Amino acid sequence: MDKSFEPRQIESKWYARWEASGDFQPSGHGEPYCILLPPPNVTGTLHMGHAFQQTVMDMLIRYQRMRGLNTLWQVGTDHAGIATQKIVENQLAAAGQTRHDLSREAFVERVWQWKEESGSTITNQMRRLGVAADWSRERFTMDEGLSSAVRKVFVEWFRAGLIYRGNRLVNWDPALGTAVSDLEVNNVERDGHLWSIRYYTVDNSDSVVVATTRPETMLGDVAVAVHPEDERYAHLVGKMLRLPLSNREIPVIADDYVDREFGTGFVKITPAHDFNDYAIGQRHNLAPINIFTLDAKVNENAPEQYRGLDRFEARKRVLADLETEGLLVETKPHKLQVPVSQRSDAVIEPMLTDQWFVDLTSDHGRKAITEPALDAVRSGEIKFVPENWSTTYTQWLENIQDWCISRQLWWGHRIPAWYDEAGNIFVGENEADARAHAAVPPVGALRQDEDVLDTWFSSALWPFSTLGWPADGPVKNERGEVVADWQADKIFLPSAVLVTGFDIIFFWVARMVMATKYFTGQVPFREVYINAIVRDAEGQKMSKSKGNTLDPLDLIDGIELEPLVEKSTKSLLIPQVREKVEKRIRKDYPAGIPAIGTDALRFTFAALASYSRTINFDIKRAEGYKAFCNKLWNAARFVLMNVENGAIAAAGTPPATEAERWILTRLKQTLGDVEQHFLTYRFDLLAQELYEFVWNEYCDWFLELSKPALNGDDAAAAASTRRTLLVVLETVLRALHPIVPFITEEIWQSVAPLLGLTEAALLRRPWPKAGDIAADEAATAEVEWFKNVLSGIRRIRSEMNIAPGKTIPLLLADGDAADRARAAKFAAQIAFLARVDAPQWIDAGVDEPAAAAAVVGSMRVLIPLAGLIDVGAEKTRLGKEIGRIEGEIRKCEGKLGNANFVANAPAEVVAQERQRIADWGTQLSALREQLLKLG
RNA sequence: GGGUGCUUAGCUCAGCGGUAGAGCACCGCCCUUACAAGGCGAUGGUCGUAGGUUCGAUCCCUACAGCACCCACCA
């Protein structure tokens, strides 16, 4: 093995071999265990969130694979309608074109081309992470198989009366020219104004003052509303008002939606551009007046002078005109929630358009789709981890709206609906099917609906569409390879656990439950592990506009300062932001980002994966775990160097030394805990457990303890120690493999032959079970004793400034028979590791030299002063220790002196307290005796 | 307005009813042949505040404060 750990070399070597070996595909035996990859955008690149999430999935898959389960990690990519279409549109824009300059077919063809060119970027990046995913079954949400699933679901839901088309007020993104769902709209608080405007009655005898944040919408007003019980204005209800600027007559109506306390108590009603007003309009039978075109300019329903103006321009004009007419009563600053499109940042305009919806709210829709999805979680059939996310899920479904599934885009699954010349709708998997199911004979030619489906519609089918549904037989990809076969593959439904972010519980998780329940009768997964959101070291959300994103590949490979600055600032358009980001990067990463390797990155993710909902990614922490990898590497080097040239005890030989029995006992405990942490998804505790075992037990103590054994005269002990060194290493490599696959594989390949192991790869080894290892509690006590003696001596050496290389004498006093036996047993180890001469016992009553002391139980461990030690300093040291122990004893006495404690606390707690006070007492008297001896 | 979290060492976080822990940072001594990406040792916390339950509270309950996030139609 190389002298130091070089992640780059190791990583480049293994992935291709693993993938080619077929070990990432289902083994075909054992209990099925499936994980669905949340399909990333096909044109996307790997970000920290992906890397974190995928590390979690990979740990689970590798673990279960080693446990002998029939594992499938189903991977694939999502066509990501809007995002992908926008990328290609931007390319066109750079050439001064829009998609409308191309035909629809040509545009879509161009998007496919782009997908072919860049679609494998993210999957190749995933490979760098080492994911044990089954690439032979990779799917794309727009491939033929998945598209046929989409068509079938649409048609079946339509025929079941669960999908309908209607002219409804929807969230319209005027920049993208499409409807978007409620979920794709963010409400952003902005500084605006509240304007008060006077409307006169038609006879000019009276007037009302309405308050609005959007004065331009008054062009579409159809009424003014007051609260039915508002006595101030009761006399106005039913009167007609003259709408300023438009000169239309509109009624004053009473509706209890109005809040009497807010504004003036009058609300203008614009049903075509406000969701509340729409509802009020319906209640009062008022026809909405749409005043905007689809790109949010004033249309022909408004007075001539405003037509063609953008809505924000129109606002200015309206205000100016009102001012002129003396109708603008008041203007005051006002904070308001503005609906903004997630995709384009454009302000959403509620717009009346024809759209397709999935019915989730009528009795029929609730019974067929919504309720089963709620029941799946309420009944515990699906469990969230952490558990409280089920509240989020449940509450959303309880207040759900119908799902608007049509999008006015070109890239996506075209809606399988056709219209005849009379406007009748025909739905079917294709035109012929639509005709065949026609309720009325079509009039003239059929033309297909122009719209495509919401991207999440196809994602909702992912749990079963990827397994081959609805085809009866094998499904092939475009290269003719079989990627799924529903009859055989439905064993992977339900999948075991879905690992995903809370931000798509509504978008994706809930909708998968709805669709999967409806079409397969099964839940899509048994558990949903909601992973934390990765933020930067300061807890800020990572975003390109803040320039604080980290590219997982930059952490793996490292990046120089200048390229990092360039990369982080290139998409920042505002110079001030750019400057700020550059400054921060130069400060945070003066030497760029060091290469930490995939394993260290993965270990970091594991170590950060507690149940907390955000994790702050600190590169310092990652560097620490790279050090851990290096430690493991060097420990392996030590073992190999010491094992290769000596006899290794045969398998089954009982361990010869206390140290071996102790490390095996600790290994057993560690494995038991690791098992538990896998069950509860506590990867942080799991990582910590293994970290501590490797570093603080195996390296710090066992490797050190093995040195005297390896170099000693006892050949049997040496051979046995060699075996144990190897066995523990090999076992711990197996336990670590799900977290750090590359380094463990690399080391394991060298270790395996020495143990006669014949598997081709570490992933094929069985998961190490605690139950297979024998515990020896007595050995633990022995080694703990030894560690106490050694720590005592080291403390003296350090605090008394005794040169580390200097061999010094060691005396032992008092103690009992057990201490004598142990001292004899560990004599060589003590001498070697503490750099002391062979320990000498001092008999009671014999004069002893002045010495510095440590106390282990009732035994005093003495380093004679003889010019080495400052008596004053030693007295101070002892005094301090005595003070500390007296404090502990006082605490114990306090408890035991409390009659209520003794009466009420469990017996073992009281006994433990008595034991403690006795132990402290023993130490205290030894220390006091020592202080006396120093005079 | 409804909901969900968080507040523990300088920083990032575990612990969650019975002796306050880790990583990183900091301090001292060491290039001791696995490892200076290292070794040995030391320092550092009245566990947000106030009550309550309990023999005992960082942990459970209540209130308060601060900080996040999600959902929602106040013009």
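Just so we're on the same page: letters track the sequence lines, and every chain starts at 1. Scope of the values below: all heavy atoms of this structure, side chains included, with no hydrogens, waters or symmetry mates. Please read all numbers here as calculations on a predicted model, not as lab measurements.
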Just name whichever nucleotide pairs with [N], Watson-Crick or G-U, keeping both distances under 3.5 Å, else none.
N	answer
U32(B)	none
G1(B)	C71(B)
C6(B)	G66(B)
A25(B)	none
C60(B)	G52(B)
G45(B)	none

With under 30° as parallel and over 60° as perpendicular, where do the rings of Phe693(A) and Tyr698(A) fit, or are they tilted in between? parallel

Partner of Trp389(A) by ring pair (Phe, Tyr, Trp, His ring centres under 6.0 Å), out of Phe502(A), Trp396(A), Phe506(A): Phe502(A)

If we check ring pair (Phe, Tyr, Trp, His ring centres under 6.0 Å) with Phe605(A), which of these qualifies: Phe52(A), Tyr625(A), Phe683(A)? Phe52(A)

For [X], which contact category applies under a 4.0 Å heavy-atom criterion: base, sugar-phosphate, or nothing?
X	value
Phe617(A)	nothing
Lys268(A)	nothing
Glu704(A)	base
Asp259(A)	base
Thr614(A)	nothing
Phe266(A)	nothing

For Gln688(A) and Asp684(A), which I'm curious about, is there any donor-acceptor pair between the side chains at under 3.5 Å? no

Quick check for you: among [options], whose closest atom lies nearest to any side-chain atom of [X]?
X	options	result
Leu703(A)	A34(B), U4(B), U32(B)	A34(B)
Phe262(A)	G3(B), A75(B), G5(B)	A75(B)
Ser610(A)	A14(B), U19(B), C55(B)	A14(B)
Lys620(A)	C74(B), C24(B), U32(B)	C24(B)
Asn616(A)	A14(B), C35(B), U12(B)	U12(B)
Lys707(A)	C70(B), C55(B), A34(B)	A34(B)

Using the test side-chain contact (heavy atoms from CB on, under 4.5 Å), find all partners of Thr922(A) that sit at least two apart in sequence or belong to another chain. Ser858(A)

Send over the distance from Trp695(A) CH2 to G21(B) P, rounded to a whole Å. 21 Å

Work out which heavy atom in Leu336(A) is nearest to a heavy atom in Asp191(A); give both atom names and the distance. CD2-C, 4.2 Å

Any donor-acceptor pair under 3.5 Å joining the side chain of Gln401(A) to the base of A72(B)? no

What is the per-nucleotide protein-contact pattern of nucleotides 41-47 of chain B, from the 5' end, where B denotes a base atom under 4.0 Å from a protein heavy atom, S denotes such proximity for sugar-phosphate atoms only, and - denotes neither? SS-----

